[in-house]
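Per chain, numbering begins at 1; letters A, B, ... match sequence-line order.
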Number of protein chains: 2
Amino acid sequence: MDNQKAIVTSLKAFKEPALQEALLTHGQILHFQKGDTIVKIGQYVRFLPIVLKGSIRVFQQKEDREFSLYYVREGETCTMSLAAAYFNNKSVSHGVVMEPTELLIFPANFLTEWQLQFPSWNQYIIAMFRRRYDELINNFEGVVFEHMPVRIMEYLRRRVITDESRILNLSHQTIANELGTTRVVVSRILKQFEKEKKLKLLRGQIEIK
Amino acid sequence: MDNQKAIVTSLKAFKEPALQEALLTHGQILHFQKGDTIVKIGQYVRFLPIVLKGSIRVFQQKEDREFSLYYVREGETCTMSLAAAYFNNKSVSHGVVMEPTELLIFPANFLTEWQLQFPSWNQYIIAMFRRRYDELINNFEGVVFEHMPVRIMEYLRRRVITDESRILNLSHQTIANELGTTRVVVSRILKQFEKEKKLKLLRGQIEIK
DNA sequence: ATTAAACGGTATCAAAAGATACAAAACAGG
DNA sequence: CCTGTTTTGTATCTTTTGATACCGTTTAAT
């Protein structure tokens with residue numbers, strides 16, 4: 001339990017001791033494995049998750065295509081869930097865990113309660129909404145105005161930054177699922193990049209130059 | 001002032017008399033004309049606008065292309081940041097009035113302040129976030145997964161519903177700007193629709209069948 | 001009435017992306 | 001080592017979208 005406490009108080013966004021207490025009392029820590037689904041499209045959302053460790057990939061799907069909307073990372077919560085849970089609505093996208101992940105989960109009804117009690121909770125919620133919005137808009141730009149080669153290169157460069165490594169471990173299919181296209185298209189464009197000496201291709205790995 | 005009061009209390013979302021009072025005291029009513037810019041890129045919006053009459057079109061622009069993100073309509077607010085576009089100045093987000101519009105405006109700090117006092121304010125804010133998200137996600141789906149003919153037809157059908165008329169007054173260029181493509185493409189596809197008897201084209205007017 | 005601007009139709013050519021199919025290489029597990 | 005799976009390379013053909021250009025018609029403005 002002390003372990004639990006340490007984890008929760010590490011969420012520095014929550015300043016009020018009473019809020020920390022509430023998170024501890026009513027929250028439940030759950031563990032998930034790579035590939036586990038947190039929310040599905042059409043499912044009612046009755047809980048709110050905060051990511052303690054790992055991340056959740058939120059994406060849309062149509063037939064065999066996928067498209068990433070954003071990732072929920074450590075210390076963050078999923079605003080889509082939040083908006084859905086607040087009004088007891090259905091989720092409009094998928095949320096899936098991409099690595100071993102630890103979530104703090106509590107019932108949706110605390111949402112309204114805490115909003116009236118804790119300023120730092122409110123700030124947290126608003127900040128989350130804004131962050132997601134920015135990510136979404138950023139993605140939008142790419143999809144609407146840029147062609148595939150540009151989008152792929154931008155994706156790779158972003159990954160280099162977040163992964164802190166010029167060597168990225170990802171398959172062509174993964175990139176296709178991020179950007180809403182197909183593997184063949186990705187392979188074709190990556191090959192072109194390689195010819196232009198912009199990167200080096202290995203199996204399951206790309207080295208950006 | 002009585003006029004003002006009537007307007008504000010017409011915002012039925014706000015149930016608490018004290019909140020209505022606060023809206024009146026701290027809010028300022030401003031009028032805008034077609035074409036006026038409400039927000040451009042740059043920072044978080046430091047003020048909070050509620051649309052009393054009219055609407056705001058929020059869109060992105062890159063070179064000579066435009067793309068609508070969503071509309072802020074009567075009774076709605078837009079608390080979002082337009083910061084995303086600021087960092088990679090490839091495209092620019094705009095909030096522009098499309099018809100004579102009346103806004104109730106206050107300093108942004110009331111956003112969180114009222115959250116602690118008024119449940120109906122909380123509900124309103126979250127509902128707004130959710131609506132924006134839904135619109136964004138909806139648009140996303142279209143752009144990523146659907147081809148132009150589908151997107152155009154869906155746009156027209158939505159307009160038929162919101163306008164409450166099968167006869168839509170809009171130019172091909174306007175449609176192009178909504179969807180992020182060009183006039184020629186729109187004309188071509190509309191012509192095809194007309195051949196298929198799905199609609200009838202007139203100058204500045206489309207009749208959906 | 002004359003001119004300018006907005007709107008729409010259409011043709012041609014190029015580029016981008018999608019669909020399909022097949023094969024080789026690398027890998028994982030037994 | 002053998003076998004099934006995953007990953008990647010690549011060729012071919014089609015569809016979709018974009019870019020440009022030019023023209024006729026309608027509407028608005030002076």
Side-chain angles (χ1 to χ4, degrees), chain A residues 34-35 61-67 98 141-156 159 167-208, chain B residues 34-35 61-67 90-91 98 140-156 167-208:
Chain A
K34 175 170 178 157
Q61 197 171 30
K62 194 198 173 187
E63 284 144 39
D64 55 345
R65 295 260 185 123
E66 292 185 4
F67 179 80
M98 301 308 284
E141 255 184 43
V143 179
V144 177
F145 296 124
E146 306 294 352
H147 286 161
M148 234 33 211
V150 177
R151 293 180 57 206
I152 290 179
M153 191 46 92
E154 280 179 355
Y155 173 73
L156 294 177
R159 280 293 301 255
I167 296 173
L168 307 174
N169 291 300
L170 35 68
S171 70
H172 300 183
Q173 183 63 60
T174 303
I175 299 177
N177 287 345
E178 285 290 317
L179 304 180
T181 182
T182 63
R183 200 270 310 168
V184 182
V185 172
V186 172
S187 292
R188 183 196 292 159
I189 293 170
L190 285 178
K191 206 54 182 174
Q192 181 59 28
F193 283 157
E194 194 177 41
K195 275 181 196 157
E196 298 166 2
K197 312 271 184 202
K198 291 177 181 164
L199 43 76
K200 209 164 114 189
L201 298 175
L202 296 126
R203 185 189 171 86
Q205 201 171 77
I206 302 176
E207 186 189 341
I208 314 292
Chain B
K34 175 169 180 160
Q61 194 174 37
K62 191 197 174 189
E63 284 145 36
D64 53 346
R65 296 259 185 124
E66 292 186 6
F67 181 83
K90 288 178 188 162
S91 69
M98 301 309 285
F140 250 106
E141 271 182 14
V143 178
V144 178
F145 296 126
E146 306 293 354
H147 286 159
M148 237 29 224
V150 177
R151 293 179 55 206
I152 291 179
M153 191 46 93
E154 280 178 356
Y155 173 73
L156 294 176
I167 296 173
L168 307 174
N169 290 302
L170 35 68
S171 70
H172 299 184
Q173 184 62 60
T174 303
I175 300 178
N177 287 345
E178 286 289 317
L179 304 180
T181 183
T182 63
R183 199 271 308 169
V184 181
V185 171
V186 172
S187 293
R188 183 196 293 159
I189 292 170
L190 285 178
K191 206 56 183 173
Q192 181 58 29
F193 282 157
E194 192 176 42
K195 276 182 196 156
E196 296 166 4
K197 313 269 183 205
K198 290 176 182 166
L199 44 75
K200 210 164 113 187
L201 298 175
L202 295 127
R203 185 188 172 84
Q205 201 171 77
I206 302 177
E207 186 188 343
I208 314 293

query = Which nucleotide in the list C/dA21, D/dG18, D/dT20 gets nearest to the side chain of A/Arg183?
reply = C/dA21

task = Side chain of B/Val184 only, please: which of C/dA19, D/dG9, D/dA21 is the nearest?
result = D/dA21

ask   = When we call it a touch if two heavy atoms are under 4.0 Å apart, what does A/Ile206 touch: a base, just sugar-phosphate, or nothing?
value = nothing

task = Inspect the contact between A/Arg65 and A/Glu63 and indicate whether a charged nitrogen and a carboxylate oxygen are less than 4.0 angstrom apart.
result = no

ask   = Could B/Lys62 and A/Glu141 be called an ion pair, given the rule that one side-chain N must be under 4.0 Å from one carboxylate O?
value = no

Polar side-chain atom of A/Glu207 near backbone of A/Leu199 as donor-acceptor pair, under 3.5 Å = no

query = Any side-chain N or O of A/Thr181 under 4.0 Å from OP1/OP2 of C/dG18?
reply = yes

inquiry  = I'd like to know if A/Glu154 pairs up with A/Arg151 as an ion pair, taking the criterion as any Lys NZ or Arg NE/NH1/NH2 lying under 4.0 Å from an Asp or Glu carboxylate oxygen.
reply    = no

ask   = Is A/Ser187 reaching over with its side chain to a backbone N or O of A/Arg183, donor-acceptor style, under 3.5 angstrom?
value = yes

inquiry  = By nearest atom, which of the nucleotides C/dG8, D/dT8, D/dA19 is closest to the B/Ser187 side chain?
reply    = C/dG8

inquiry  = Output the rounded distance in Å from CZ (B/Phe145) to P (C/dA19).
reply    = 12 Å

message = In this structure, how many angstroms lie between the C1' atom of C/dA17 and the CZ atom of A/Phe67, rounded?
response = 16 Å

key: For atom CD1 of A/Ile189 and atom P of D/dG9, their distance in whole Å   = 13 Å

task = Look at the side chain of A/Arg188 and the base of C/dG18, then say whether one donor and one acceptor between them are separated by less than 3.5 Å.
result = yes

remark   = Separation of C/dC27 atom C1' from A/Asn169 atom CG, nearest Å, is 15 Å

message = Categorize A/Arg65 for me: base, sugar-phosphate, or nothing, with a 4.0 angstrom heavy-atom threshold over every strand shown.
response = sugar-phosphate

query = Between B/His147 and C/dG18, does any side-chain N or O lie under 4.0 Å from OP1 or OP2?
reply = no

message = If I take atom CD in residue B/Glu63 and atom P in nucleotide D/dA19, what distance separates them, rounded to the nearest angstrom?
response = 9 Å

ask   = Separation of A/Leu170 atom CG from D/dT7 atom C1', in whole Å?
value = 13 Å

ask   = Between D/dG18 atom P and A/Glu146 atom CD, what is the distance in whole Å?
value = 13 Å

key: B/Val185 side chain, from C-beta outward: closest of C/dA25, D/dG18, C/dG8   = D/dG18

key: 5' priority, DNA chain D, between A/Val144 and A/Gln173 [closest heavy atom]   = A/Gln173

inquiry  = Given the structure, check if the side chain of A/Arg203 and the base of D/dT8 hold any donor-acceptor pair shorter than 3.5 Å.
reply    = no

query = For the pair made of CG in A/Leu179 and P in C/dG18, what is the distance, rounded to whole Å?
reply = 11 Å

